[in-house]
**Q** 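Below is one structure. I have some questions about it.
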Protein chains: 2
Amino acid sequence: MSTGWQEVQAEVLRRIQNREWPPGGLIPGEVALAREFGCARATVNRALQALADDGWLERRRRAGTRVALSPLRRAQMSVAVLRKEVEALGKTYGHRLLMRKVAGSLLCLQTLHEADGTPYGIEDREIDLTHIPAAGSADFTILSANEWLVQNAPFDHGNMSYMSEGATAFDARHLECEEATPLLVLYRETFSEAGRITRVRLAHAPGHVVRLQI
Amino acid sequence: MSTGWQEVQAEVLRRIQNREWPPGGLIPGEVALAREFGCARATVNRALQALADDGWLERRRRAGTRVALSPLRRAQMSVAVLRKEVEALGKTYGHRLLMRKVAGSLLCLQTLHEADGTPYGIEDREIDLTHIPAAGSADFTILSANEWLVQNAPFDHGNMSYMSEGATAFDARHLECEEATPLLVLYRETFSEAGRITRVRLAHAPGHVVRLQI
DNA sequence: AATTATTTGTGCGTATGTATC
DNA sequence: GGATACATACGCACAAATAAT
């Protein structure tokens, strides 16, 4: 057994997956494992730490390290830059600013996103100009608001929701589908310390799929 | 400045978010930061490592550490155990096995999931008995197939897709909605080394929302 | 209820490896 | 090849949490 923490991690993971160490079971302490693997305790610690971060182990001082009861697997989803999403499909991205108006401190935008010239999604967005004043003078016909904000308005936290909705008349007109066609719709809000930066509703074209690896 | 790696991490993250260290920019080396923070280089290393894991930094030997160009924020989504999902809403979970049949080496199951007695989702699943023979004799009326598999069939990898579909006649009957009502539908496949363990289609009740924090 | 023993958490200093400029 | 910066190892020490007594 060589002495890298990644190798220790791999071996421990193997034992978990092979049920040599069953879910809920206590595994040997760090010193014992270090002895077994012929490495320093810090190396074992690094490996177990990483496995705990990934949800395979649950560690508590004095209580020891247990194999997680339900090794919850997680999928990661990034906050999409639609241009990259489209280009990843091998298609040409385009977008058109359909509407821009200011209502009080809110900048309201409607943008149609296209892939190879066909509608990809229709976006309805509000940006708070008190928090992002630069947005008032940005030219969203060049860089879409979606991409401009990712680059220029770093956020603290936010939330996303996916829902299934029937196409509204507005959706149907721009996505070139029948009204009430089932659409995958994304809502997203992002916040800085000061408050909400932007809120967006993005209705994807019919048949759109959100894929995740787990 | 105290000397914990978490504090170093917090301070570095603050500088990234405040643009004191702009995207794409090179940040000071580990030794310099260790000097500044008055701690060991290993402590700085731990902090930067963690930030790199979270996508804030990109590190390359000899090239130094840079602030990620697009600090892509990621949302995590766990592979749902529906019972926990329902209970997290403060509702009572229930499930009913509607159909069980064996076709060749495939075990086919249909399960209705309920929250407080109302339909939550309708699941259509195939399990490969050659890979998970124990599934053939499991009683899925007690523990749902969803939960049984999470506990008994650890998987290597898999994929999930979310789509928007109109309710089929089958969906509509069990979810107590009109046909063609827009539904959020989840498809998931999981694999072990040997091959595909299970494939599932889960149609959520109308109005279902998938929420993610970012 | 207080004490002790055990286990993980995390720090330090140091040494060496390794990729890359 | 040499210099540089990160990657990761080692051994040690002490802190913090908590199970066991």
Side-chain angles (χ1 to χ4, degrees), chain A residues 1-17 20-72, chain B residues 1-17 20-72:
Chain A
M1 186 72 48
S2 173
T3 108
W5 69 267
Q6 319 226 28
E7 286 149 81
V8 174
Q9 183 190 33
E11 171 59 15
V12 170
L13 184 55
R14 194 192 60 74
R15 294 186 190 177
I16 295 171
Q17 290 178 333
E20 292 172 33
W21 291 339
L26 207 56
I27 77 171
E30 293 187 351
V31 272
L33 289 175
R35 218 174 22 244
E36 180 192 340
F37 290 120
C39 66
R41 189 173 77 92
T43 306
V44 173
N45 184 285
R46 181 89 169 81
L48 299 188
Q49 198 79 250
L51 286 168
D53 280 349
D54 288 349
W56 291 102
L57 295 174
E58 283 168 12
R59 322 189 71 202
R60 271 163 55 225
R61 281 169 166 144
R62 165 66 194 175
T65 300
R66 300 181 167 279
V67 178
L69 270 168
S70 42
L72 268 194
Chain B
M1 186 71 50
S2 174
T3 112
W5 69 267
Q6 318 225 28
E7 285 148 84
V8 174
Q9 183 189 33
E11 173 59 14
V12 170
L13 184 55
R14 193 191 61 75
R15 293 184 191 179
I16 295 171
Q17 289 178 333
E20 293 171 32
W21 291 339
L26 206 57
I27 76 171
E30 294 187 349
V31 273
L33 290 174
R35 218 174 20 244
E36 181 192 340
F37 291 120
C39 66
R41 195 173 77 89
T43 306
V44 173
N45 185 283
R46 181 90 167 82
L48 299 188
Q49 198 79 253
L51 287 168
D53 281 349
D54 289 349
W56 292 100
L57 295 174
E58 283 168 11
R59 321 190 73 198
R60 272 163 55 226
R61 284 173 164 139
R62 163 66 192 172
T65 299
R66 298 181 170 278
V67 177
L69 268 170
S70 43
L72 268 193

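In what follows, every chain begins at residue 1, and chains take the letters A, B, ... in the order their sequences are listed.
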**Q** May I have the distance from B/Phe37 (atom CZ) to C/dC12 (atom P), rounded to whole angstrom?
**A**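 Checked: the CZ to P distance equals 13 Å.
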
**Q** For side chain to side chain contact (heavy atoms under 4.5 Å, CB included), just list the numbers for A/Gln49 and A/Arg59, CA-CA rounded to whole Å, side-chain angles, deciding distance to a tenth of an Å, and then say yes or no.
**A** CA-CA 8 Å; A/Gln49 198 79 250; A/Arg59 322 189 71 202; 4.2 Å; yes

**Q** From CD1 of A/Ile27 over to C1' of C/dT8, roughly how many Å is that when rounded to an integer?
**A**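 In whole Å, C/dT8 C1' lies 11 Å from A/Ile27 CD1.
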
**Q** Under 4.0 Å from OP1 or OP2 of D/dG11: is there any side-chain N or O of A/Arg41 that close?
**A**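 Answer no for this pair, as no side-chain N or O of A/Arg41 is under 4.0 Å from OP1 or OP2.
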
**Q** Please determine which of B/Asn45, B/Thr65, B/Thr43 meets the side chain to side chain donor-acceptor pair (under 3.5 Å) test together with B/Glu30.
**A**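 Testing each of B/Asn45, B/Thr65, B/Thr43 against B/Glu30, the sole residue satisfying side chain to side chain donor-acceptor pair (under 3.5 Å) is B/Asn45.
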
**Q** Counting only side-chain nitrogens and oxygens, does B/Gln6 get under 4.0 Å of the OP1 or OP2 atom of C/dG9?
**A**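 So the side chain of B/Gln6 is outside the cut-off, no N or O lying under 4.0 Å from OP1 or OP2 of C/dG9.
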
**Q** How many Å lie between CD on B/Glu58 and P on D/dA7, as a whole number?
**A**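 Taking atom P of D/dA7 as the reference, CD of B/Glu58 is at 12 Å.
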
**Q** Looking at C/dG9, D/dT8, C/dC12, which one has an atom nearest to any side-chain atom of A/Trp5?
**A**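 My answer, after comparing the listed nucleotides, is D/dT8.
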
**Q** C/dG17 P sits how many Å from B/Asn45 CG, rounded?
**A**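 So the two atoms are 18 Å apart, to the nearest Å.
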
**Q** Round to the nearest Å and state the distance from A/Leu57 atom CG to C/dT7 atom C1'.
**A**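 Going from A/Leu57 (CG) to C/dT7 (C1'), I get 15 Å.
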
**Q** D/dA7 phosphate, OP1 or OP2: any side-chain N/O from B/Arg59 under 4.0 angstrom?
**A**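 True: B/Arg59 side-chain N/O within range (under 4.0 Å) of D/dA7 OP1/OP2.
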
**Q** Check this one for me: any side-chain N or O of A/Thr65 less than 4.0 Å away from OP1 or OP2 of C/dT7?
**A**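 No.
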
**Q** Can you tell me how far C1' of C/dT10 sits from CD of B/Glu7, to the nearest Å?
**A**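 Computing the B/Glu7:CD to C/dT10:C1' distance gives 12 Å.
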
**Q** Quick one: A/Leu33 CG to C/dT8 C1', roughly how many Å, whole number?
**A**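 Atom-to-atom, A/Leu33 to C/dT8, this comes out as 12 Å.
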
**Q** Between P on C/dT6 and CG on A/Leu26, what's the gap in Å once rounded to a whole number?
**A**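 For the pair A/Leu26 CG and C/dT6 P, the rounded distance is 15 Å.
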
**Q** What's touching nucleotides 18-21 of chain C from the protein side, N or O pairs under 3.5 Å?
**A**
| residue | atom | partner | partner atom | Å |
| --- | --- | --- | --- | --- |
| C/dC21 | OP1 | B/Arg60 | NH2 | 2.6 |
| C/dC21 | O4' | B/Arg62 | NE | 3.3 |

**Q** Sequence neighbours excluded, which residues qualify as side chain to side chain donor-acceptor pair (under 3.5 Å) partners of B/Gln9?
**A**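 Applying side chain to side chain donor-acceptor pair (under 3.5 Å) to B/Gln9 gives none.
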
